[in-house]
Novice: 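The structure's right below; bear with me while I get my questions together.
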Amino acid sequence: MQWTTKTFLTKTKRGNVLKIVREHYLRDDLLCGSAVCNICPHKDDEIVLDNKPESICKLFDFEHYLVLDTNVVLHQIDVLEENALKNIIILQTVLEEVKHQNTAIFQRLLEIVGNKNRKFYSFVNEHHKDTYVERNPHEKQNDRNDRAIRRAASWYASHLLLSKSDFDGKIPQIILLTDDENNRKIAQKEGIVCCTVKEYVENITGFAGLVDKLSKNVIPETCSKDALYPAHLTPSQIHSGIRGGKLYQGTFHASRDNFLEGTAVVSSFDKPILLQGHSGINRAIDGDIVAIEILPKEEWRKPSDIVLEDKADDPGDTLEEEALLNTKVDSEDEITPTGKVVGIIRRKWRQYCGILLPSKFPGATRHLFTPAEKRIPRVRIETRQSDILISQRILVALDSWPRNSRYPLGHFVRSLGPIGDKDAENEVILLEHDVPHARFSEAVLACLPPDDFKIPEEEIKKRVDLRSICICSVDPPGCTDIDDALHARPLPGLSPDGLKTYEVGVHIADVTYFVRPNTALDKEAAARSTTVYLVDRRIDMVPGLLSSNLCSLRGGEERLAFSCVWVVDENANVLSTKFHKSVIKSSSAMTYEEAQIAIDDSTRNDEIASSLRTLNSLAKKLKQKRLDNGALLLASPEIRFQVDSETHDPIEVQAKKIMDTNSMVEEFMLLANVSVAERVATDYPRCALLRRHPSPQPHSFDTFLKAARQQGFELDVSTNKSFSKSLNEAVIPDRPFFNTLLRIMATRCMQQAVYFPSGSRTQEEFYHYGLACPIYTHFTSPIRRYADVIVHRLLAASIGADVSHASLLDTKAADALCDNLNYRHRQAQYAGRASVALNTHILFKNREEIESAVVLAVKRNALQVLIPKYGLEGPIYLPSDKFRYNEEEHVQICGDVILRTFDELTVRLTLDSSNLQHRKLVFQLVKPSIPGVSYIADEQVEKMEIEEIDKKENEKKRKESTGGKNKKKKSKK
């Protein structure tokens with residue numbers, strides 16, 4: 001064994017220079033992995049590369065192994081994931097560079113290397129004495145790495161030749177794949193066979209469609225000929241511009257309604273920076289971190305109030321006029337700081353779902369891809385499979401966006417299935433909302449207990465045994481991941497105030513017994529963060545053995561739990577609280593409806609019914625206390641589908657029914673969450689995982705308050721307590737749904753609640769506005785929320801039921817964890833809504849409904865309406881030539897008809913499938929009846945036509961009759 005040293009000079013915070021010397025060991029016994037080799041002492045399971053690797057490339061008719069450089073892996077990972085390429089050598093140099101530059105691609109590469117059928121061999125060239133190279137003085141790191149790759153390729157060729165005398169057959173040669181022209185020239189001078197990836201893949205036989213997956217990796221700023229966009233600044237120019245205060249960094253958010261407009265949030269400005277037009281956006285894509293130059297104040301504008309969609313056909317590489325964006329500014333308050341993108345700091349590109357818009361020219365290979373996400377521009381791709389892909393949902397990756405191309409360039413990744421196919425559309429939802437949904441890996445499944453797991457006796461001895469207590473769970477119908485169960489029983493004696501006392505317990509599945517810190521299972525659960533519920537399927541956070549079996553608190557089965565037990569008096573005042581790990585045996589797993597029937601059935605006096613009645617009575621008192629403190633009772637239009645048991649297609653939809661038992665469970669979950677939050681925040685003031693709900697921004701209420709005022713209600717939103725009181729009083733007796741509608745609209749004025757580590761905020765900022773409580777967390781759903789898993793660990797350490805660990809107390813790790821939790825929670829909500837939309841579209845295919853609706857909002861060219869029966873909402877577009885919009889009062893006027901928020905209408909509901917990419921529900925006004933606007937049913941038209949014909953016939957007869965009489969009169973004269 002040999003060794004060398006690496007020396008680094010670094011500067012400390014105090015300005016001192018620190019010299020770091022690292023020893024780098026070199027070996028001569030590292031294996032090459034080839035079956036041809038008789039020099040390396042391979043064991044059978046250490047041989048990866050075939051002794052006769054078949055060539056599938058017409059350029060090279062001899063057996064060979066491939067060596068890849070770093071850029072090939074980074075840009076052509078979609079090609080490498082196909083089964084076409086085998087017998088490939090991945091050098092340690094390449095692995096480390098890929099890991100440094102793109103962790104997602106690094107993970108994908110590791111999966112390929114780990115698949116033995118793919119024959120990818122990882123060679124540790126950086127520690128082999130014959131392949132390690134020192135970095136020369138003044139040599140760039142990239143050049144040194146290219147030299148290391150060439151050295152390893154040359155070594156492999158010579159090393160395999162040494163085995164020739166003992167090998168019966170031809171020795172496989174080495175081919176270096178690199179797209180770096182300079183690297184390729186040097187390699188050829190050194191006698192290394194090499195070619196570009198494009199040349200190699202285009203000459204592969206037997207794998208149709210592989211060439212479509214080639215990345216179109218064009219250096220964007222080199223395409224200056226026929227440039228459509230301004231050149232981006234270099235990284236060094238951006239860095240110096242930001243440091244000098246001339247440029248600003250922000251994240252670009254594209255508009256859903258106008259493809260020529262977007263914004264970027266910059267910390268030093270109160271309002272988002274407005275970015276308009278092709279040159280203003282300058283090839284930024286939603287999510288990119290960009291460098292922005294602020295325009296002079298005289299060039300600042302207001303956001304446009306028009307809807308602009310990209311042209312239906314391919315316009316070629318030209319840009320259209322942008323005069324429509326020049327909106328009139330009526331007051332200074334409307335003006336928004338305006339800027340332009342001058343550089344890209346970091347691309348946030350991912351793979352996008354959508355459909356192919358084929359070229360009009362027969363035989364063409366260049367086509368346009370239209371993403372499902374409206375905020376993403378179209379993408380130019382090359383494919384020879386357009387005849388097949390035109391009817392498919394496909395996945396496309398972005399490669400680059402040259403200055404002379406109207407659209408970014410990309411490549412086809414894979415097909416997801418036929419357009420309209422349920423599985424394909426669900427896959428689109430999951431991919432578009434970045435929901436991790438791959439099967440659990442072998443490493444994760446290896447962490448699970450056996451299927452026939454029984455609770456060990458020694459574990460039961462460590463816990464409080466509650467198996468003899470009558471405990472039951474109450475959940476929605478069909479629920480299999482039962483997180484929580486409850487019990488209540490009277491206690492002997494009275495409280496100090498002479499009131500009856502009860503023991504009440506909330507028992508939560510003890511997921512942390514099975515999900516131990518830093519295991520593969522724990523890391524996967526942390527990455528997923530939440531279970532995602534679609535209409536017809538569930539994407540679990542933890543494997544089904546835990547979520548639906550061993551952790552689920554099923555009726556009649558012994559389960560491990562984490563219990564929160566209170567002593568309360570008959571007025572629901574908490575007298576004492578204790579936490580402990582327990583073992584329980586649920587007496588019954590009930591639905592909300594079953595529990596409600598048990599409570600209401602006066603003939604039932606069994607232990608379960610008595611416990612439920614006690615819980616229900618106490619829950620009502622807890623709820624009233626919350627409301628008295630200022631908690632808000634908000635609402636959202638939730639719907640439930642009846643699904644066919646065989647096809648899983650929706651057959652009916654209805655608004656969810658809320659019962660007393662829903663509220664009963666909710667109240668005790670809230671109480672448990674508050675109790676746990678108080679405990680963990682006291683014991684871990686820096687790293688307790690909490691949940692806060694910020695107060696709404698005052699301006700967010702403006703439209704809402706104006707709409708309520710039109711109905712005769714002055715709402716006080718100065719505090720949550722006054723707001724809650726105002727909402728309770730805003731009742732119209734003959735319109736029972738009005739108050740619910742008011743609460744739905746109030747919900748939309750709120751900010752989102754978020755997770756945060758306690759050390760990152762002041763005590764005052766812990767406040768949860770909606771619940772009106774000073775501190776809150778999530779403890780009650782660890783099967784489906786990773787936040788609850790962390791809180792369980794904190795609480796267990798707090799009461800001495802489990803040991804703490806380093807990552808639990810790491811504040812930086814807590815910040816990163818909360819960011820991921822908030823992101824995954826938000827995406828799960830969006831995915832759930834998209835699934836509801838998909839199933840609604842399936843339900844209303846070839847179906848028409850005429851239903852009562854209520855106006856949620858009045859906009860410049862539309863009414864946003866809600867159908868209470870279904871909980872569905874959407875726009876009714878109003879023609880500008882018939883309606884006049886009053887911007888101050890937010891009303892639409894057509895003659896004598898005035899349409900306001902909260903107005904009741906009748907609408908026709910159908911599905912528009914003309915745009916395969918964006919099917920949508922169409923809402924048409926029926927009543928009030930406005931000629932030329934309101935929908936008239938065919939039978940009504942026919943009836944009107946018949947009445948008109950009858951009217952004309954009667955008129956004709958009357959005239960004829962009158963004319964005859966006149967003639968008679970004349971003759972008499």
Novice: Using modelled atom types only, decide if a donor and an acceptor are shared between the side chain of Asp540 and the backbone of Thr531 within a distance under 3.5 Å.
Specialist: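 Side chain of Asp540 to backbone of Thr531: no pair is present.
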Novice: With a 4.5 Å limit on heavy-atom distance, are the side chains of Asp286 and His253 in contact?
Specialist: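 They are in side-chain contact.
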Novice: Please determine whether the number of non-hydrogen atoms from other residues, nucleotides or ligands lying under 6.0 Å from atom CD of Glu442 exceeds 12.
Specialist: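 Not more than 12 within 6.0 Å, no.
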Novice: Before accepting this row, confirm whether a basic side-chain N of the pair Arg393/Glu427 lies closer than 4.0 Å to the acidic partner's carboxylate O.
Specialist: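 Salt bridge between Arg393 and Glu427, a charged N being under 4.0 Å from a carboxylate O: no.
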Novice: Can you check whether Val341's main-chain N or O pairs, donor with acceptor, with Asn282's side chain at less than 3.5 Å?
Specialist: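 Yes; judged by distance alone, with no hydrogens or angles, the pair exists.
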Novice: Among Asp683, Thr777, Ile775, which residue satisfies the side chain to side chain contact (heavy atoms under 4.5 Å, CB included) criterion with Glu678?
Specialist: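 Only match with Glu678 under side chain to side chain contact (heavy atoms under 4.5 Å, CB included): Ile775.
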Novice: Can you check salt bridge (charged side-chain N to carboxylate O under 4.0 Å, His left out) on Asp802 and Arg516, steps first, answer last?
Specialist: CA-CA 11 Å; Asp802 204 346; Arg516 303 305 298 165; 3.1 Å; yes
Novice: Would you please say whether a donor-acceptor pair under 3.5 Å links the side chains of Gln351 and Asp78?
Specialist: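 Present: a donor and an acceptor within the cut-off.
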Novice: Do Val342 and Ile292 have side-chain heavy atoms sitting under 4.5 Å apart?
Specialist: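 Side-chain contact under 4.5 Å: no.
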Novice: Could you tell me if the side chain of Glu524 sits less than 4.5 Å from the side chain of Thr519, heavy atoms only?
Specialist: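 No; the side chains remain at least 4.5 Å from each other.
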Novice: So, taking the atom named CD in Glu425 and the one named CG in Asn839, what distance separates them when rounded to the nearest 0.5 Å?
Specialist: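 Separation between the atoms: 11.0 Å.
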Novice: If we ignore hydrogens and angles and just use 3.5 Å, is the side chain of Ser675 paired with the main-chain N or O of Leu671 as donor and acceptor?
Specialist: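 It does hold such a pair.
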Novice: Can you measure from CD1 (Ile429) to CZ (Arg833) and round to the nearest 0.5 angstrom?
Specialist: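 One finds 13.5 Å between CD1 of Ile429 and CZ of Arg833.
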Novice: Could you label the plane-to-plane angle of the Tyr776 and His778 rings as parallel, tilted or perpendicular, counting under 30° as parallel and over 60° as perpendicular?
Specialist: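 If you compare the ring of Tyr776 with that of His778, the planes turn out perpendicular.
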Novice: Taking atom CG of Leu445 and atom CG of Leu545, what is their separation to the nearest 0.5 Å?
Specialist: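 Rounded to the nearest 0.5 Å, the CG-CG separation comes out at 9.5 Å.
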Novice: If you measure from CG on Leu689 to CG on Leu821, what distance do you get to the nearest 0.5 Å?
Specialist: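 The CG atom of Leu689 sits 6.0 Å away from the CG atom of Leu821.
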Novice: Taking all non-hydrogen atoms of both residues, which atom of Trp401 and which atom of Ala284 are closest, and how far apart?
Specialist: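 For Trp401 versus Ala284, the nearest heavy atoms are CZ3-O, 4.4 Å.
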Novice: For the side chain of Ser552 and the backbone of Thr480, is there at least one donor-acceptor N/O pair under 3.5 Å apart?
Specialist: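 Yes, because the side chain of Ser552 sits within donor-acceptor range (under 3.5 Å) of the backbone of Thr480.
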Novice: Any luck finding a side-chain donor-acceptor pair between Glu765 and Thr762 under 3.5 Å?
Specialist: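 There is such a pair (donor and acceptor under 3.5 Å, judged by atom type) between the side chains of Glu765 and Thr762.
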Novice: Around atom NZ of Lys340, are there more than 12 heavy atoms from other residues, nucleotides or ligands closer than 6.0 Å?
Specialist: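 Check fails, neighbour count at 12 or below.
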Novice: At their closest point, which heavy atom of Gly630 faces which heavy atom of Ala772, and how far apart are they?
Specialist: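 In terms of heavy atoms, the two residues are closest at C-CB, 3.5 Å.
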Novice: Are Phe269 and Ile294 close enough that some pair of their side-chain heavy atoms sits under 4.5 Å apart?
Specialist: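 Yes, close enough: below the 4.5 Å cut-off.
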Novice: Is the closest side-chain donor-acceptor distance between Asp522 and Tyr786 under 3.5 Å?
Specialist: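 The criterion, which ignores hydrogens and geometry beyond distance, is satisfied for Tyr786 and Asp522.
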Novice: Atom CD in Glu293, atom CG in Leu233: separation rounded to 0.5 Å?
Specialist: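 It is 8.0 Å, given to the nearest 0.5 Å.
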Novice: Cationic tip of Arg691 within the cone over Tyr755's six-membered ring, i.e. under 6.0 Å and within 45° of the normal?
Specialist: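 The answer is yes; both the distance and angle limits are met.
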Novice: Do the side chains of Asp288 and Lys348 get close enough for a salt bridge, i.e. N-O under 4.0 angstrom?
Specialist: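 So Asp288 does not pair with Lys348 through a salt bridge.
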Novice: State plainly whether the residues Arg824 and Asp819 are in salt-bridge range, i.e. N to O under 4.0 Å.
Specialist: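 Salt bridge between Arg824 and Asp819, a charged N being under 4.0 Å from a carboxylate O: no.
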Novice: Evaluate the side-chain proximity of Ile242 to Tyr248: yes if any heavy-atom separation is below 4.5 Å, no if none is.
Specialist: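 Side chain of Tyr248 against side chain of Ile242, heavy atoms only: no contact under 4.5 Å found.
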Novice: Evaluate the criterion side-chain contact (heavy atoms from CB on, under 4.5 Å) for residue pair Leu632 and Leu771; output intermediate values, then yes/no.
Specialist: CA-CA 6 Å; Leu632 294 170; Leu771 297 175; over 6 Å; no
Novice: Apply side chain to side chain donor-acceptor pair (under 3.5 Å) to Ser548 and Arg538, showing your working.
Specialist: CA-CA 11 Å; Ser548 296; Arg538 186 180 82 205; 2.8 Å; yes
Novice: Check step by step if side-chain contact (heavy atoms from CB on, under 4.5 Å) holds for Leu95 and Leu110.
Specialist: CA-CA 9 Å; Leu95 270 175; Leu110 289 184; 4.2 Å; yes
Novice: Would you call Cys818 and Val754 a side-chain contact if the rule is heavy atoms closer than 4.5 Å?
Specialist: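 Not in contact.
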Novice: Just do the side chain to side chain donor-acceptor pair (under 3.5 Å) check on Asp510 and Thr512 with the steps written out, would you?
Specialist: CA-CA 6 Å; Asp510 189 4; Thr512 55; 2.9 Å; yes
Novice: Between Lys581 and Ala801, which heavy-atom pair has the shortest distance, and what is it?
Specialist: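 Minimum heavy-atom contact is CG-CB, 3.8 Å.
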Novice: Between His507 and Asp484, is any side-chain donor less than 3.5 angstrom from a side-chain acceptor?
Specialist: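 No pair is found: no donor N or O on one side chain lies under 3.5 Å from an acceptor on the other.
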Novice: Decide yes or no on side-chain contact (heavy atoms from CB on, under 4.5 Å) for Ile482 and Ile783, but give the supporting numbers first.
Specialist: CA-CA 8 Å; Ile482 303 172; Ile783 293 178; 5.9 Å; no
Novice: Does the ring of Phe440 carry Arg528 above it, NZ/CZ under 6.0 angstrom from centre and within 45° of its axis?
Specialist: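 Pair Arg528/Phe440 counts as cation-pi.
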Novice: Decide yes or no for Phe723 and Tyr769: does some side-chain heavy atom of the first lie under 4.5 Å from some side-chain heavy atom of the second?
Specialist: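 Side-chain contact under 4.5 Å: yes.
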Novice: Would Ile285 and Arg375 count as a side-chain contact (heavy atoms from CB on, under 4.5 Å) here? Give the steps.
Specialist: CA-CA 8 Å; Ile285 290 177; Arg375 292 176 296 187; over 6 Å; no
Novice: When rounded to the nearest 0.5 angstrom, what distance separates CG in Leu817 from SG in Cys687?
Specialist: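 With rounding to 0.5 Å, CG (Leu817) is 11.5 Å from SG (Cys687).
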Novice: Please name the pair of heavy atoms, one in Arg743 and one in Leu633, separated by the smallest distance, quoted to 0.1 Å.
Specialist: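 Scanning both residues completely, I find the closest heavy atoms to be NH1-O, 2.8 Å.
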Novice: Return yes if a side-chain donor-acceptor contact under 3.5 Å exists between Asp481 and Ser547, otherwise no.
Specialist: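 No, Ser547 and Asp481 have no side-chain donor paired with an acceptor closer than 3.5 Å.
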Novice: Do the side-chain N and O atoms of Ser807 and Arg793 include a donor-acceptor pair separated by under 3.5 angstrom?
Specialist: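 No, no side-chain donor-acceptor pair sits under 3.5 Å.
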Novice: Is the gap between the ring centers of His693 and Tyr767 under 6.0 Å?
Specialist: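 That pair fails the under 6.0 Å test.
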Novice: Check Lys812 with Asp815, please: is the shortest side-chain N to carboxylate O separation under 4.0 Å?
Specialist: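 Salt bridge between Asp815 and Lys812, a charged N being under 4.0 Å from a carboxylate O: no.
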Novice: Apply the test salt bridge (charged side-chain N to carboxylate O under 4.0 Å, His left out) to residues Glu432 and Arg350: give CA-CA distance (whole Å), side-chain angles for both, the deciding distance (0.1 Å), then the verdict.
Specialist: CA-CA 9 Å; Glu432 279 301 299; Arg350 58 178 174 83; 3.3 Å; yes
Novice: Look at the side chain of Thr338 and the backbone N and O of Thr336, then say whether any donor-acceptor pair between them is shorter than 3.5 Å.
Specialist: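 Pair found, side chain donor or acceptor close to backbone of Thr336.
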Novice: Aromatic ring centroids of Phe766 and Phe756 under 6.0 Å?
Specialist: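 For Phe766 and Phe756, the ring centres are under 6.0 Å apart.
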Novice: Are the charged groups of Glu81 and Arg108 less than 4.0 angstrom apart, N to O?
Specialist: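 A salt bridge is present here (some side-chain N lies under 4.0 Å from a carboxylate O).
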Novice: Any luck finding a side-chain donor-acceptor pair between His825 and Gln752 under 3.5 Å?
Specialist: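 There is no such pair between these side chains.
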Novice: Atom CZ of residue position Arg686 - does it have more than 12 heavy atoms of other residues, nucleotides or ligands inside 6.0 Å?
Specialist: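 Open.
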Novice: Nearest heavy-atom pair of Ile790 and Leu808: which atoms, and what distance?
Specialist: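 Minimum heavy-atom separation between Ile790 and Leu808: CG2-CD1, 4.0 Å.
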Novice: Between Ser781 and Arg784, does the side chain to side chain donor-acceptor pair (under 3.5 Å) criterion hold? Intermediate values first, please.
Specialist: CA-CA 6 Å; Ser781 296; Arg784 60 184 180 89; 3.2 Å; yes
Novice: Is there side-chain contact between Val532 and Leu534, with heavy atoms separated by less than 4.5 Å?
Specialist: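 Yes, at least one pair of side-chain atoms sits under 4.5 Å.
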